[in-house]
Amino acid sequence: MTATLEHVQSGTAVSLSGVSKVFGRGPQAVVALDGVDLKVAPGEFVCLLGASGCGKSTLLNLVAGLDAPTGGSIELNTSRPAVMFQEAALMPWLTAARNIDLPLRLAGFGKADRKAKVAELLELVRLGGAGHKRPHELSGGMRQRVALARSLAATQRVQGTDEPALLLMDEPFAALDAITRDVLQGELLRVYERTSTAVLFVTHDVREAVRLGQRVVLLSSRPGRVVQEWSTQDGAAEALTEEITARLREVISTHAKS
Amino acid sequence: MPSPDVQDLSKVEEGLDALDSPATTRTEPGWRRFVRSALPPLVALVLLVAVWQALWAAAFWPEFQLPAPLAVWSRFEELAETGRIWEVLWTSIHRAVLGFLTALVIATPLGLLVAKVRVVRAAIGPLLSGLQSLPSVAWVPAAILWFGLNDATIYFVVLLGSVPSIANGLVAGIDQIPPILPRVGKTLGAGRFAAARHILLPAALPGYIAGLKQGWAFSWRSLMAAELIAQSPDLGLGLGAYLNEGSNFNDMPTVITAILLILLVGIGIDLLVFRPIERAVLRTRGLTGALT
């Protein structure tokens, strides 16, 4: 976690081909995802963008293994993906440090090892002095940083691993106020630079997607399909934001009744 | 141009953390807490005794129905001086504690099964809730016929009184866990047993402890009912039997002394054992609403 690794490496961390997900059966069935193809390279930061009901959270749950796809296949060349949700979902009976410690315990790390790693992760999210606090004593932004540290901890393995890490983020900053969100986006980029993890980040905020992602993938709603994707590496962010927003509006307009 | 200090994200973040963190409440001095929490019940108690004394002095009822507070006090003193009080208390309390601990051992896995296994819930869930509304004293006649007049009868009644409460408390506690927590547990790599140990049980703890409190109350009152009804020299002299003895001799001071002792033990265990545990559990979770 110290060396800054070559970010976009060759190969694929995640590969989705023809993934579909149908909820319910018969006439009431809802097609959430329909033939989604998506590849994420190791160390790549991809933002999934879409309006409500485009199945972006569903897609994330499928990749996380919390749900099974109806059709198609998902191939992971990573260690078990770590997930961050819109709510921090910290265990309210554990201190910040013990929350980060939990996945390390579950992975079977030794006590001294865990202590060192927890301290390192707390420092990484700049919460060195708050390890002893309980979730209810922390602000929303601090809780989300603990959750980030916890999901990073969840990617670690006792033996160490050659497999790249994968972090799945489901609108993790959507419930925060604008100032905190802005700061946390910066924090996430900083942490991302210092780790070699790939990130699949779900959002409905175009500006956020363009700022964070190396690639932005737009999903349509009901059913969710990949509409278009952009690289943020070349070109001005402002122009790209406008272009993507226009396309997003177009996609949403097709759902108007008249 | 913003100054370089403000550009430094860590400074901004530190500022936000300081501004947004919930304010920690200051603890109030001990004497004020005493005045606020212990004084009202003490005043209520004094008033109650005063009304009792006044009613006795007015002589509405004959002495054998309403004795003077002092008469009850001297009966209590007599009981304490002869040392009989320890025998009576020990007989009842050790039974209640043993019964409660046994109920705990039975009810905890039972509650887990009912909460997590759909078939088990469908099969015995309603029965378990139903048993809670059945006064366990109703089992005494059956238990005497099955086991005879011995300790087995008493423990049987105590268990039927407290097992449903504890199991139902655990079920309620598990049902009230926010669904996101088990999901997070899964993504952190918790298997079935690790999830139960590290997530389900600690998350269900507040409900579980509420169940334990109720389970204790039920086992105590089931025990009293059983001791009161099941009379035998083999059973020793517990509080229930002592109460019955007072009733048989038309001795109202003994009856009231026994009732007060039963109350005292019930409240005492709740205050000394369960209340501190409950406070600690709620406090760590920031659920201080009921504690102030």
Side-chain angles (χ1 to χ4, degrees), chain A residues 61 64-67 79-95 98-100 102-108 125-127 129-130 133-143 145 147 150-151 153-157 168 176-177 179-180 182-187 189-190, chain B residues 2 6-25 173 176-209 277-289 291:
Chain A
N61 285 341
L66 291 171
D67 211 346
S79 52
R80 190 192 51 244
V83 192
M84 235 180 114
F85 300 95
Q86 186 169 335
E87 11 173 354
L90 301 175
M91 307 301 156
W93 58 93
L94 296 177
T95 60
R98 301 262 295 161
N99 262 290
I100 300 170
L102 183 59
L104 298 173
R105 258 178 95 165
L106 292 172
V125 294
R126 297 206 242 248
L127 283 172
K133 293 200 170 173
R134 310 257 174 195
H136 70 270
E137 297 169 306
L138 301 172
S139 72
M142 292 162 91
R143 268 180 240 160
R145 269 144 64 205
R150 182 177 64 177
S151 36
T155 64
Q156 308 214 0
R157 292 292 166 277
L168 304 171
L176 301 172
D177 65 274
I179 305 172
T180 308
D182 177 57
V183 171
L184 279 200
Q185 286 168 356
E187 282 295 304
L189 284 178
R190 187 179 59 83
Chain B
V6 180
Q7 282 297 312
D8 184 2
L9 211 55
S10 69
K11 273 271 157 39
V12 183
E13 199 162 68
E14 234 173 85
L16 276 177
D17 289 352
L19 288 172
D20 290 344
S21 292
T24 45
T25 45
Q176 285 165 17
I177 299 175
I180 185 110
L181 294 186
R183 268 158 55 94
V184 166
K186 213 170 162 190
T187 67
L188 295 181
R192 240 181 128 72
F193 283 102
R197 159 150 159 46
H198 290 290
I199 292 150
L200 281 187
L201 284 176
L205 201 56
Y208 185 49
I209 286 179
I277 298 177
E278 192 178 32
R279 282 179 84 94
V281 164
L282 293 183
R283 184 155 306 204
T284 57
R285 281 147 223 255
L287 302 169
T288 47
L291 302 177

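Naming convention: chains lettered A, B, ... in sequence-line order (proteins, then strands); numbering from 1 in each chain.
- Contacts between A:Leu94 and chain B at a heavy-atom distance below 4.5 Å are absent for every atom of the residue.
- Scanning for side-chain contact (heavy atoms from CB on, under 4.5 Å) contacts around B:Thr284 gives A:Arg134, with sequence neighbours left out.
- Here A:Pro92 is the residue among A:Gly186, A:Ala82, A:Pro92, A:Ala107 with the most heavy-atom pairs under 4.5 Å with chain B.
- With a 4.5 angstrom heavy-atom cutoff, A:Arg190 does not touch chain B via any of its atoms.
- Other residues, nucleotides and ligands contribute over 12 non-hydrogen atoms within 6.0 Å of the CG atom of A:Leu189.
- Put simply, CG on A:Leu176 and CG on B:Leu16 are 10.0 Å apart, with the number rounded to the nearest 0.5 Å.
- Heavy-atom distances place no part of A:Leu104 under 4.5 Å from chain B, backbone and side chain included.
- For A:Ala89, the parts lying under 4.5 angstrom from a heavy atom of chain B are both the backbone and the side chain.
- In terms of the side chain to side chain donor-acceptor pair (under 3.5 Å) criterion, residue partners of A:Asp182 (sequence neighbours excluded) are, by chain and number, A:Arg211.
- For the side chain to side chain donor-acceptor pair (under 3.5 Å) test, no residue two or more places apart in sequence or in another chain qualifies with B:Arg197.
- Counting heavy atoms of neighbouring residues, nucleotides and ligands inside a 6.0 Å radius, atom CZ of A:Arg105 exceeds 12 of them.
- Residues of residues 179-189 of chain B lying within less than 4.5 angstrom of chain A, judged on heavy atoms, are B:Ile180, B:Leu181, B:Arg183, B:Val184, B:Lys186, B:Thr187, B:Leu188, B:Gly189 in numerical order.
- Ranked by heavy-atom pairs under 4.5 Å with chain A, the list B:Pro178, B:Ala203, B:Pro202 is led by B:Pro202.
- The contact between A:Leu127 and chain B is made entirely by side chain atoms (from C-beta outward), counting heavy-atom distances below 4.5 Å.
- Neither the backbone nor the side chain of B:Leu205 comes within contact range of chain A; no heavy atoms are under 4.5 Å apart.
- Neither the backbone nor the side chain of A:Pro135 has a heavy atom closer than 4.5 Å to any heavy atom of chain B.
- In terms of heavy-atom pairs under 4.5 angstrom with chain B, the leader among A:Asp177, A:Leu138, A:Leu184, A:Leu168 is A:Leu138.
- A:Glu187 touches chain B through backbone and side chain together, each having a heavy atom under 4.5 Å away.
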